2 protein chains.
Amino acid sequence: MGASKTDHFTDKQNAIAVMAKALGHPARVAIIEYLLKTDSCICGDIVNELPLAQPTVSQHLKELKNVGLIKGSIEGNAICYCVDEKALTVLQKFFTHVTTKMEKKKNQCC
Amino acid sequence: MGASKTDHFTDKQNAIAVMAKALGHPARVAIIEYLLKTDSCICGDIVNELPLAQPTVSQHLKELKNVGLIKGSIEGNAICYCVDEKALTVLQKFFTHVTTKMEKKKNQCC
DNA sequence: AAAGTTTATCGTAATATTGCAATACAATAA
DNA sequence: TTATTGTATTGCAATATTACGATAAACTTT
């Protein structure tokens, strides 16, 4: 095995899982944080910021892009990457919903 | 390779990544949602709810527990699993922080 | 104690991820 | 055109994940 049985889960569950998985690596969390912190969003700057080789960073960027968490636009020779607001908002709403539900339950057990 | 270079990232980045990774599988998202939806939190009920074999579910529960997203308490013969409020609140705050920062930036590029 | 119930662990096969060197590709500069 | 610069892709080795059958462990009931 090694592949998830996505067929049996809801679209929403799969969507959350796919985005969460993309953030399941510190380098990719660092990329998102860097994109929010800085004004420049040039790929080369991200490579310099991270303790990883250029091909590895490129791979991480590709993954974030595939999942829709970031988007890239060609900026002359370089490429400018930015966070995608919609995708991150989906995650934000999910976790806010979760914590809201938790408060309502207030430790009914455990 | 196959192992993440966690040494070079901040503790917070690693913490977020570890929890996000745990939610990077639809079954584990489904488990969290189920625990919030229902009053019963018996392991057997979770196994019945998911389209996966009992050992597989047990493995997923273990992962969620290792990461601190859920906690389990022995309930006679069975085991009662519940979400851990603190851990999920950390994620909620992270994504709220992210979306807040996004709004401030308002598409400076891309 | 013996049998049943519930959950965890072991072992293993299939697949996925991570990381990087080498290299290719694309756009600009000389 | 020929560098040069910036990014992506390929190929591969090391490791991790997913899934489940078989089995063990722990508690309950009979």
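What's counted below: heavy atoms across the whole structure, side chains too, no hydrogens, waters or symmetry copies. As the structure is a computational prediction, the values presented were derived from the model and not from experiment.
Every residue meeting the side chain to side chain donor-acceptor pair (under 3.5 Å) condition with B/Asp45, not counting sequence neighbours, appears here in chain and number order: B/Ser40. Listed by chain and residue number, A/Asn66 satisfy the side chain to side chain contact (heavy atoms under 4.5 Å, CB included) test with A/Lys62 (two or more places apart in sequence, or in another chain). In this view, A/Thr6 satisfies the side chain to side chain donor-acceptor pair (under 3.5 Å) rule with no residue, not counting sequence neighbours.
Atom CG in A/Leu64 sits about 14 Å away from atom C1' in C/dT18, given to the nearest Å. A/Leu50 has its CG atom 10 Å from the P atom of C/dG19, to the nearest Å. As rounded to whole Å, 14 Å separates atom C1' of C/dG19 from atom CG of B/Asp7. Remark: C1' of C/dA8 and CD1 of B/Ile70 are 13 Å apart, rounded to the nearest angstrom. One atom, CD1 of B/Ile31, and another, P of C/dT7, lie 13 Å apart when rounded to the nearest Å.
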Strictly under 3.5 Å: I want the nitrogen or oxygen pairs between protein and nucleotides 18-28 of chain D, one per line.
from   : atom 1 : to      : atom 2 : distance (Å)
D/dT18 : OP1    : B/Arg28 : NH2    : 3.3
D/dT18 : OP2    : B/Arg28 : NH1    : 3.1
D/dT18 : OP2    : B/Glu63 : OE2    : 3.4
D/dT18 : O3'    : A/Ala3  : O      : 3.2
D/dT18 : O2     : A/Gly2  : N      : 2.8
D/dA19 : OP1    : A/Lys5  : N      : 2.7
D/dA19 : OP1    : B/His25 : NE2    : 3.4
D/dA19 : OP2    : B/His25 : NE2    : 2.9
D/dA19 : OP2    : B/His60 : NE2    : 2.9
D/dA19 : N7     : B/Gln59 : NE2    : 3.2
D/dC20 : OP1    : A/Lys5  : NZ     : 2.8
D/dC20 : OP2    : B/Ala53 : N      : 3.1
D/dC20 : OP2    : B/Thr56 : OG1    : 3.1
D/dC27 : O2     : B/Asn77 : OD1    : 3.4

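Pairs passing the salt bridge (charged side-chain N to carboxylate O under 4.0 Å, His left out) check and including a residue from residues 47-61 of chain B, sequence neighbours excluded, read B/Lys37-B/Glu49. For residues 22-70 of chain B, every residue pair satisfying the ring-ring contact (aromatic ring centres under 6.0 Å, His included) rule, not counting sequence neighbours, is listed here: B/His25-B/His60.
Contact between the side-chain N/O atoms of A/Tyr81 and the OP1/OP2 oxygens of D/dA8 is found at a separation under 4.0 Å. Here A/Lys62 reaches the OP1 or OP2 of D/dT9: one of its side-chain N or O atoms lies under 4.0 Å away.
Between B/Ile79 and B/Leu61, the closest side-chain pair of non-hydrogen atoms is not below 4.5 Å.
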